[in-house]
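Read the numbers this way: they start at 1 and go in the same order the structure lists the ligands and their atoms.
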Amino acid sequence: MVRRIYQPTDARRLLTPGPVGIVTTAWRGNTNAAPITWMTTLSMEPPLVGIVVHPDRHTADMVRLGEEFAINIPGPSLLKQTAFLASQSGLNINKLEAAGVEVFRGQWTEAPLIEGCLAWIECGVEDMQRYGDHLLFVGRVMKVQALEEAYAEHWLLQDRENSPLAYLGGDRYAVISEPLQATFETNLQGALIAETVEEREEREEREGQERDKKRAEGEEGFVQMLERERDDIHKTVF
Ligand SMILES: Cc1cc2nc3c(=O)[nH]c(=O)nc-3n(C[C@H](O)[C@H](O)[C@H](O)COP(=O)(O)O)c2cc1C
């Protein structure tokens, strides 16, 4: 195992794989949409979320002027559209139209909501602060909607199409999948038991089965090799 040192800016990539949001905005009859992955919850009461936007983005102006935004959370069916919406500024083009996505009216915001997404969060802007070279917009959550198939107080991750997209950087995305339930036990001193007796037995059984499978595959491969060699000998003799 090799531990490498990376640039401080790699922190952003390491922290990145959360759901991608497509932030939609509206101001004076104009609309825009851009994928934003630097997003966070800031407070439960009141419900506040933060989106981090570079000041050069058209989205930054739209959020500042419109004082509201919506976060649309796509699944893998909107992968191409998500990448397209990030490929150019919406200053001179109606990106939502060009991306061919359908939109519907939100329950609170003027910002259009994107059809085909898995969840939608409508926000009013509470605050804006500059941190380094980006702007943090603090949004008060006004309405939340999500597909039943995708979300029930947590992401269900039952099937690929209804699981959110994560962004890895560049043109790399992932589907957030495989829900894991975390339960743990502690010993008398209160320290974590990394593997219980039952878990060790389960692991050993699993490993044994994998070993048997590999051995069987190896033997099968060996038999096939012998048959191939025998055929080759027959070919050369006759
Ligand atoms: C998946 C993804 C996530 C992104 N996340 C952010 C982000 O968090 N903040 C940001 O300022 N730009 C982000 N970008 C870049 C903007 O989406 C991109 O610059 C876009 O063209 C801006 O459009 P606009 O100028 O119409 O606002 C991201 C790009 C991609 C592909």
Side-chain angles (χ1 to χ4, degrees), residues 7-42 48-101 103 106 109-114 116-123 125-139 141 155 160-161 163-177:
Q7 296 299 320
T9 48
D10 277 290
R12 79 193 197 286
R13 287 272 159 95
L14 291 168
L15 293 175
T16 275
V20 172
I22 301 176
V23 169
T24 47
T25 43
W27 183 62
R28 291 194 178 166
N30 297 310
T31 61
N32 192 35
I36 295 292
T37 201
W38 294 1
M39 304 190 289
T40 185
T41 307
L42 294 167
L48 301 174
V49 294
I51 57 167
V52 178
V53 186
H54 193 279
D56 288 352
R57 313 268 189 257
H58 186 46
T59 295
D61 292 334
M62 292 290 282
V63 174
R64 207 153 26 84
L65 296 166
E67 296 183 354
E68 56 181 36
F69 60 87
I71 301 172
N72 305 251
I73 302 183
S77 67
L78 289 174
L79 176 65
K80 282 187 185 179
Q81 290 80 353
T82 303
F84 173 80
L85 291 169
S87 66
Q88 55 195 303
S89 164
L91 183 60
N92 300 312
I93 172 184
N94 184 334
K95 273 197 279 184
L96 283 164
E97 223 174 79
V101 291
V103 296
T109 177
E110 289 295 312
L113 303 190
I114 299 176
C117 280
L118 308 177
W120 303 264
I121 302 169
E122 300 176 48
C123 302
V125 174
E126 285 256 321
D127 195 17
M128 185 194 84
Q129 292 288 333
R130 191 175 177 125
Y131 290 99
D133 58 5
H134 275 69
L135 299 168
L136 169 69
F137 290 100
V138 178
V141 179
W155 287 108
R160 190 174 176 276
E161 286 311 301
S163 300
L165 267 188
Y167 183 51
L168 304 178
D171 61 358
R172 310 285 294 166
Y173 292 76
V175 178
I176 299 177
S177 62

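More than 12 non-hydrogen atoms from other residues, nucleotides or ligands lie less than 6.0 angstrom from CZ of Arg130.
The shortest N or O to N or O distance between Arg57 and ligand 1 is under 3.5 Å. At least one N or O atom of Thr59, backbone or side chain, sits closer than 3.5 Å to an N or O atom of ligand 1. In terms of polar-atom proximity, Lys95 is counted as a contact of ligand 1, with an N or O under 3.5 Å from an N or O of the ligand. For ligand 1, the polar-atom distance check finds no N/O of Thr82 at less than 3.5 Å from any of the ligand's N/O atoms.
Looking at Gln129, Glu126, Met128 one by one, the single match for side chain to side chain contact (heavy atoms under 4.5 Å, CB included) with Phe137 turns out to be Met128.
Residues Asn32 and Asn30 have side chains not in contact (no heavy-atom distance under 4.5 Å, counting atoms from C-beta outward). Counting only heavy atoms from C-beta outward, the side chains of Trp155 and Ser163 never approach each other to under 4.5 Å. Looking at heavy atoms from C-beta onward, Val49 lies in side-chain contact with Cys123 at the 4.5 angstrom threshold. With a 4.5 Å cut-off on side-chain heavy atoms, Asp127 and Val125 do not count as touching. Between Trp120 and Ile71, every side-chain heavy-atom pair lies at or beyond the 4.5 Å cut-off.
Taking every non-hydrogen atom of Gly90 and a distance limit under 4.0 Å, the qualifying atoms of ligand 1 come out as 24 (P), 25 (O), 26 (O). Per-residue contacts place Asn32 under 4.0 angstrom from the following atoms of ligand 1 (heavy atoms of the residue considered): 24 (P), 26 (O), 27 (O).
The protein heavy atom nearest to atom 18 (C) of ligand 1 is Ala86 O, 3.5 Å. Protein heavy atom at the shortest distance from atom 5 (N) of ligand 1 is Thr37 N, 2.9 Å. Atom 25 (O) of ligand 1 has His58 N, 2.9 Å as its closest protein atom, hydrogens excluded (heavy atom only).
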Mind listing the side-chain donor-acceptor pairs of residues 72-88 below 3.5 Å, one per line with the distance, residues two or more places apart or on another chain?
| residue | atom | partner | partner atom | Å |
| --- | --- | --- | --- | --- |
| Asn72 | OD1 | Ile114 | N | 2.7 |
| Asn72 | ND2 | Ile22 | O | 2.8 |
| Asn72 | ND2 | Thr24 | OG1 | 3.0 |
| Thr82 | OG1 | Leu78 | O | 2.6 |
| Ser87 | OG | Phe84 | O | 2.5 |

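Under 4.0 Å from ligand 1, heavy atoms of Trp38 appear from its side chain as well as its backbone.
Ligand 1 lies nowhere less than 4.0 angstrom from a heavy atom belonging to Met39.
Considering each of Ala34, Pro35, Ala33, Ala83, the one bringing a non-hydrogen atom nearest atom 17 (O) of ligand 1 is Pro35. Closest to atom 9 (N) of ligand 1 by heavy atom, among Val53, Leu168, Thr25, Val52, is Val52.
Evaluation of the ring pair (Phe, Tyr, Trp, His ring centres under 6.0 Å) test over residues 19-41, restricted to residues two or more places apart or in two chains, returns Trp38-His134.
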